[in-house]
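This is a predicted model, so every value here is computed, not measured.
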Amino acid sequence: MNDDDYMMLAIREAQKAEKIDEVPVGAVIVDENHQVIGRGFNRPISTNDPTSHAEINAIRMAADILNNYRLTQTSLYVTIEPCIMCMGAIIHARINRVVFGAPDPKWGAAVSLYEMASDHRLNHSPEIVSGILKKESSDLIKNFFRKKRRYRD
């Protein structure tokens, strides 16, 4: 499997969020043997937990599977650029590589609003890859909010 294939898995996770009326963001974590060890989608509304972002949920699953809070030699695939909270968790978990689909100019902490991964004052700097299935990832979010606005009007 390649980056596009793993991003498609993240998109499927995002679609799960959309089905429960959560912002459609999905994530998967892959180990050095190319096995998916974590999956997650946004659930902060349904769980009443502001930390229940796709990335955090995938990190929790992967850490549980590895029985280790350090997720070295892993790659995280997420449909939208991680926020500050998620980038903090990614750095603490020592995730090696972050691959995302669409940028997030309002909340993005990988390259858009902040560049946490390149801040060498922090103790870990994951590799950042952006733009994988960008259109598909972006369309998920845009269509979700377009429907929300339509129902409000």
Taking side chain as C-beta onward, heavy atoms only, is Met87 less than 4.5 Å from Pro126?
yes
Do Ser52 and Asn57 pair up side chain to side chain, a donor and an acceptor below 3.5 Å, judged on atom types alone?
yes
Heavy-atom count around His124 NE2 within 6.0 Å, excluding the residue itself: above 12?
yes
Could you walk me through whether Ile37 and Val28 pass the side chain to side chain contact (heavy atoms under 4.5 Å, CB included) check?
CA-CA 8 Å; Ile37 59 169; Val28 296; over 6 Å; no
Looking at every heavy atom in both Ser112 and Pro103, which two are closest together, and how far apart are they?
OG-CB, 3.6 Å
Can you check whether Lys134's main-chain N or O pairs, donor with acceptor, with Ser137's side chain at less than 3.5 Å?
no
Just wondering, are more than 12 heavy atoms of other shown residues or ligands nearer than 6.0 Å to CZ in Phe144?
yes
How close do Ile56 and Cys86 get, counting heavy atoms only, and between which atoms?
CG1-SG, 3.9 Å
Could you tell me whether a side-chain N or O of Asn33 sits under 3.5 Å from a main-chain N or O of Gln35, the two making a donor and an acceptor?
no
Grouping I, L, V, M, F, W and Y whenever their side-chain heavy atoms are under 4.5 Å apart, do Val98 and Ile84 come out in a common cluster?
yes
Mind running side-chain hydrogen bond (donor to acceptor under 3.5 Å, both in side chains) on Ser46 and Glu22 for me, showing each step along the way?
CA-CA 8 Å; Ser46 59; Glu22 296 271 8; 2.9 Å; yes
Is a side-chain donor or acceptor of Ser125 paired with a backbone partner of Ala117 at a separation under 3.5 angstrom?
yes
Consider only side-chain heavy atoms of I, L, V, M, F, W and Y, link residues closer than 4.5 Å, and tell whether Ile80 and Val129 are in one cluster.
no
Can you confirm whether Arg94 sits close enough to Asn123 that some side-chain heavy atom of one is under 4.5 Å from a side-chain heavy atom of the other?
yes
Given 3.5 Å as the limit, does a donor-acceptor pair link the side chain of Asn42 with the main chain of Val23, or not?
yes
Start with the C-alpha distance between Arg97 and Tyr77, add both sets of side-chain angles, then the distance that settles side-chain hydrogen bond (donor to acceptor under 3.5 Å, both in side chains), and finish with yes or no.
CA-CA 9 Å; Arg97 187 168 178 256; Tyr77 292 82; 3.3 Å; yes
Does a donor on one side chain and an acceptor on the other come within less than 3.5 Å for Thr51 and Arg43?
no
Look at the side chain of Ser118 and the backbone N and O of Glu115, then say whether any donor-acceptor pair between them is shorter than 3.5 Å.
yes
For the atom pair CE (Met1) and OH (Tyr6), what is the distance rounded to the nearest 0.5 Å?
5.0 Å
Are the side chain of Glu81 and the backbone of Val111 linked by a donor-acceptor contact shorter than 3.5 Å?
yes
Do Leu133 and Val36 sit in one hydrophobic cluster, given that two such residues count as connected whenever their side-chain heavy atoms are within less than 4.5 Å of each other, even indirectly?
yes
Please confirm whether the backbone N or O of Asn2 pairs with a side-chain atom of Asp5, one donor and one acceptor, at under 3.5 Å?
yes
Between Glu13 and Val25 (side chain of the first, backbone of the second, donor and acceptor by atom type, cut-off under 3.5 Å), is there such a pair?
no
Could Lys135 and Asp139 be called an ion pair, given the rule that one side-chain N must be under 4.0 Å from one carboxylate O?
yes
